[in-house]
Amino acid sequence: MRMTANATIDPSEVARFDALGAQWWDPKGKMAPLHAINPVRLGFVRDVLVRHFGHDARSLRPLKGLRILDIGCGGGLLSEPLARMGADMVGVDPAPGNIVVAQSHADEAGVRVDYRQGTAEELADAGERFDVVLALEVVEHVADVGLFLRRAGEMVNPNGIMIVSTLNRTVKSFALAIVGAEYVLRWLPRGTHRWDKFITPAELEAEMGAAGFEMSELAGMVFDPLRGEWKIAADTDVNYFLVGKPAFHTSEG
Ligand SMILES: C[S@@+](CC[C@H](N)C(=O)[O-])C[C@H]1O[C@@H](n2cnc3c(N)ncnc32)[C@H](O)[C@@H]1O
């Protein structure tokens, strides 16, 4: 496997994702939790973007006209549906196996996504610019969160937006995301997450600030056991989203 040596890369993390292959798109496989949260997070991303850019939420292609970068795109679980919503999608991931899976799935589905094997840093160095930069469920797997966000942030247009989702570092997240999800329910393979790499919203906001972004929205995502589904909520104790706008350009979308 060829992998780019890079400051934000934790090679053992990337190797684990690289080995997933067909598991990426199996809703009952190792990535089942991502499939379970996908409708809710796609709805959240769509709503944030429609509001920010003043698009028509009822349109069949509400993201038309937006160039979006999905950093750490994995098998393409986000890139593909966002492309269906009309976005001009670029998906980047350092794991070559992920890009092979994502590309062949998109080809079979007839969806156009520009997938690239590489890192945020490489795209930033190449001068790429986007209306939207997404890093969903990625920062807890990178080697240097501050550097990752700075390089990702460089690619956001002045009127653009960055959305990051991750896991909070709380007693509750240790109980639910590590003990519950990996050991009791076995939703995820053991060792998928390291609790010490989780980041609190205040820490993430500070890192985003250092990258030149101010927080415009903080939202939690929780599992509703009565309905058996995930939903957006004020509770950020375990899973959460942080939306940031370039700090020097705050008033309009
Ligand atoms: C939990 S998966 C999330 C995949 C996708 N974002 C999603 O939510 O469906 C984490 C992904 O981040 C990628 N990754 C790890 N370190 C990275 C880095 N430094 N830069 C970009 N992506 C990275 C992994 O290869 C993996 O595909």
Side-chain angles (χ1 to χ4, degrees), residues 1-21 23-27 29-45 68-83 89-103 105-106 113 115-125 128 132-155 162-167 177-178 181-182 187-189 191-194 197-199 207 211 221 230 239-241:
M1 173 181 63
R2 192 189 79 80
M3 208 153 0
T4 320
N6 201 288
T8 72
I9 301 280
D10 177 336
S12 62
E13 287 273 5
V14 176
R16 231 165 7 85
F17 290 109
D18 194 53
L20 283 171
Q23 293 277 331
W24 273 110
W25 283 93
D26 179 357
K30 290 181 177 169
M31 291 292 103
L34 290 181
H35 286 272
I37 63 176
N38 228 21
V40 174
R41 60 190 189 148
L42 283 165
F44 178 81
V45 168
I68 302 183
L69 174 63
D70 178 13
I71 303 183
C73 63
L77 303 191
L78 294 161
S79 288
E80 216 178 279
L82 292 172
M89 284 305 303
V90 176
V92 66
D93 201 288
N98 294 352
I99 295 301
V100 170
V101 169
Q103 187 68 66
H105 196 276
V113 178
Y115 283 117
R116 317 218 190 140
Q117 189 257 320
T119 61
E121 298 86 313
E122 286 162 347
L123 291 186
D125 285 340
E128 294 274 4
V132 182
V133 169
L134 302 175
L136 301 195
E137 315 308 324
V138 177
V139 294
E140 65 272 28
H141 301 287
V142 309
D144 182 339
V145 177
L147 178 65
F148 176 86
L149 292 173
R150 280 200 303 284
R151 300 312 313 269
E154 283 172 27
M155 292 185 275
M162 175 142 77
I163 306 179
V164 178
S165 71
T166 190
L167 286 153
I178 307 259
E182 294 185 15
W187 282 352
L188 281 169
T192 298
H193 287 120
R194 272 182 43 199
K197 291 191 83 176
F198 292 179
I199 182 168
E207 294 286 11
M221 186 170 54
W230 291 82
N239 294 83
Y240 68 96
F241 296 87

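In each ligand, atom 1 is the first atom listed, and ligand 1 is the first ligand listed.
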- Taking the non-hydrogen atoms of L34, is any one of them nearer than 4.0 angstrom to ligand 1?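 Yes.
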- So is R41 in contact with ligand 1, going by heavy-atom distances below 4.0 Å? yes
- Would you say ligand 1 has an N or O under 3.5 Å from any N or O of W24?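 The answer is no, given that W24 and ligand 1 share no N or O pair closer than 3.5 Å.
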- Considering residues, nucleotides and ligands other than K30, do more than 12 of their heavy atoms fall under 6.0 Å from its NZ?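 For K30, atom NZ is not crowded (no more than 12 foreign heavy atoms under 6.0 Å).
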Protein contact to [atom] [nearest heavy atom, distance to 0.1 Å]:
atom	result
atom 10 (C) of ligand 1	E137 O, 3.4 Å
atom 24 (C) of ligand 1	F17 CD1, 3.5 Å
atom 21 (C) of ligand 1	P94 CD, 3.6 Å
atom 25 (O) of ligand 1	D93 OD1, 2.8 Å

- Query: Where on L78 is there a heavy atom closer than 4.0 Å to ligand 1, on the side chain, on the backbone, on both, or on neither?
  - Reply: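 Near ligand 1, L78 shows its side chain, while the N, CA, C and O stay back.
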- Query: Residues two or more places apart in sequence or in another chain: which of them pass salt bridge (charged side-chain N to carboxylate O under 4.0 Å, His left out) with R41?
  - Reply: none
- Query: Do you know which of V113, V45, D70 makes side chain to side chain contact (heavy atoms under 4.5 Å, CB included) with L82?
  - Reply: V45
- Query: Angle class for the F198/H193 ring planes (parallel below 30°, perpendicular above 60°, tilted otherwise)?
  - Reply: perpendicular
- Query: With side chains defined as the heavy atoms from C-beta onward, is the minimum distance between W25 and L77 less than 4.5 Å?
  - Reply: yes
- Would you say V164 and F241 make side-chain contact, with heavy atoms under 4.5 Å? no
